Amino acid sequence: MSDKLAFQFKMQTKMLERQSGTHDKQEKVEREKVKKALMKGNIEAAKIHAENAIRHHSESLNCKRMAARVDGVQARVANSAAQRQMAASLKQTVALMSKVTANMPLTETSKLMDSLEKNFEDLEVKTKVMDDAMQNATTVQQPVDQVANLMQEMADEAGIELNLNIPNAPAMSTSVALKEQDELSQRLAKLRES
């Protein structure tokens, strides 16, 4: 049952990643349209294409965010199945230990219990790392006045001087956006490894 559920989550993650890629491609197309419209001097069309590019960028990030969440849920389902298996194994271990401890020296029993406790601590650390990674993967800041920034960036790239009479807003450069995407991708990869 949990294997089927984990498989469904994995498929949903892949679907969301494909949707993110589609939005990334559409964003690039819209950015080129902004540049072309600015070269023709058509500010209104450039504004519309810039809004579309920003929307596709946001949708791409949303898909990546959701894929990371679904992947985290899949990891938890798999972890839950592993814990159920471990519980069954522990029942057998406890039964065996009760028989063995009657004839076993106290020092060997102590070593066995220390080993068991270490396994539990390792499991708790892995769970905490996964939870922290999920929390970090879902926090993304949105820049202010994205449309004006994108239009200015495209105008600069095309070599056009553009004055929109918009107060200076903190700009989010493409490299910062790419860095955010890379960080999300790295976090997602780390979640899959654990």
Side-chain angles (χ1 to χ4, degrees), residues 1-35 46-87 119-154 157 169-194:
M1 175 72 174
S2 62
D3 290 339
K4 286 183 182 179
L5 189 58
F7 178 75
Q8 288 176 347
F9 282 131
K10 192 170 282 196
M11 294 306 294
Q12 289 174 354
T13 299
K14 288 188 182 296
M15 180 190 69
L16 287 165
E17 288 170 348
R18 279 193 300 272
Q19 286 178 351
S20 174
T22 301
H23 283 294
D24 287 341
K25 289 176 185 173
Q26 287 298 318
E27 177 189 4
K28 289 177 184 176
V29 169
E30 290 295 331
R31 290 170 72 93
E32 286 300 315
K33 289 180 181 180
V34 170
K35 192 186 299 184
K47 212 179 252 189
I48 291 168
H49 292 301
E51 290 171 356
N52 287 338
I54 297 299
R55 180 177 49 81
H56 282 296
H57 178 74
S58 295
E59 287 298 320
S60 174
L61 288 177
N62 288 339
C63 287
K64 287 177 184 175
R65 222 178 279 127
M66 185 59 73
R69 287 181 177 170
V70 171
D71 196 48
V73 170
Q74 184 269 337
R76 287 184 179 148
V77 167
N79 188 26
S80 173
Q83 286 178 353
R84 278 196 300 273
Q85 288 175 344
M86 187 169 57
N119 286 337
F120 279 124
E121 288 172 6
D122 290 346
L123 181 62
E124 287 177 12
V125 168
K126 287 179 182 178
T127 302
K128 177 154 179 33
V129 167
M130 184 186 73
D131 288 343
D132 290 346
M134 280 300 298
Q135 185 176 5
N136 291 336
T138 58
T139 58
V140 175
Q141 296 180 356
Q142 295 296 323
V144 179
D145 205 350
Q146 296 175 342
V147 174
N149 291 334
L150 179 59
M151 288 178 63
Q152 186 63 51
E153 181 183 332
M154 291 294 101
E157 202 172 289
M172 178 177 174
S173 68
T174 306
S175 62
V176 174
L178 291 174
K179 182 179 176 187
E180 285 180 2
Q181 288 178 354
D182 287 344
E183 288 175 3
L184 285 174
S185 298
Q186 289 173 355
R187 289 180 186 155
L188 183 60
K190 286 180 184 175
L191 284 174
R192 287 184 178 145
E193 290 173 5
S194 60

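Note that this is a predicted model, so its numbers are computed, not measured. Just the heavy atoms: all of them, side chains too, but no hydrogens, waters or symmetry mates, feed the values below.
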- Message: What verdict does the side chain to side chain contact (heavy atoms under 4.5 Å, CB included) test give for K64 and D24, after you've listed the backbone C-alpha separation in whole Å, the side-chain angles of each residue and the deciding distance to 0.1 Å?
- Response: CA-CA 11 Å; K64 287 177 184 175; D24 287 341; 3.6 Å; yes

- Item | Side-chain donor-acceptor contact under 3.5 Å, R65 with N62 | yes

- Between R31 and E27, is a salt bridge (charged side-chain N to carboxylate O under 4.0 Å, His left out) present by the stated rule, with each step listed? CA-CA 6 Å; R31 290 170 72 93; E27 177 189 4; 3.8 Å; yes

- Taken to the nearest 0.5 Å, the spacing of E30 CD from H57 NE2 works out to 14.5 Å

- Could you give the distance from NE2 (H23) to CZ (R55), rounded to the nearest 0.5 Å? 7.5 Å

- Item | Distance in Å, E17 CD paired with D71 CG, rounded so as to fall on 0.5 Å steps | 7.5 Å

- Atom pair CE/CD of M66 and E59 - distance to nearest 0.5 Å: 10.5 Å

- Message: List the residues meeting side-chain contact (heavy atoms from CB on, under 4.5 Å) with Q12, not counting sequence neighbours, and say none if there are none.
- Response: F9, V70

- Item | side-chain contact (heavy atoms from CB on, under 4.5 Å) partners of Q26, counting only residues at least two apart | H56

- Name all residues meeting the side-chain contact (heavy atoms from CB on, under 4.5 Å) criterion together with M15; count only those two or more places apart in sequence or in a different chain, and write none if there are none. R18, Q19

- Spacing of CG belonging to N149 relative to CD1 belonging to I54, to within rounding of 0.5 Å: 8.0 Å

- Any residue meeting side chain to side chain donor-acceptor pair (under 3.5 Å) with E157, in chain and number order, not counting sequence neighbours: K35

- Task: Identify the heavy atoms of L150 and A53 that sit nearest to each other, and give their distance.
- Result: CD2-CB, 3.4 Å

- In terms of side-chain geometry, is the basic nitrogen of K47 or E51 positioned less than 4.0 Å from the acidic oxygen of its partner? no

- Query: Measuring from N52:CG to H49:NE2, what's the distance to the nearest 0.5 Å?
  - Reply: 7.5 Å

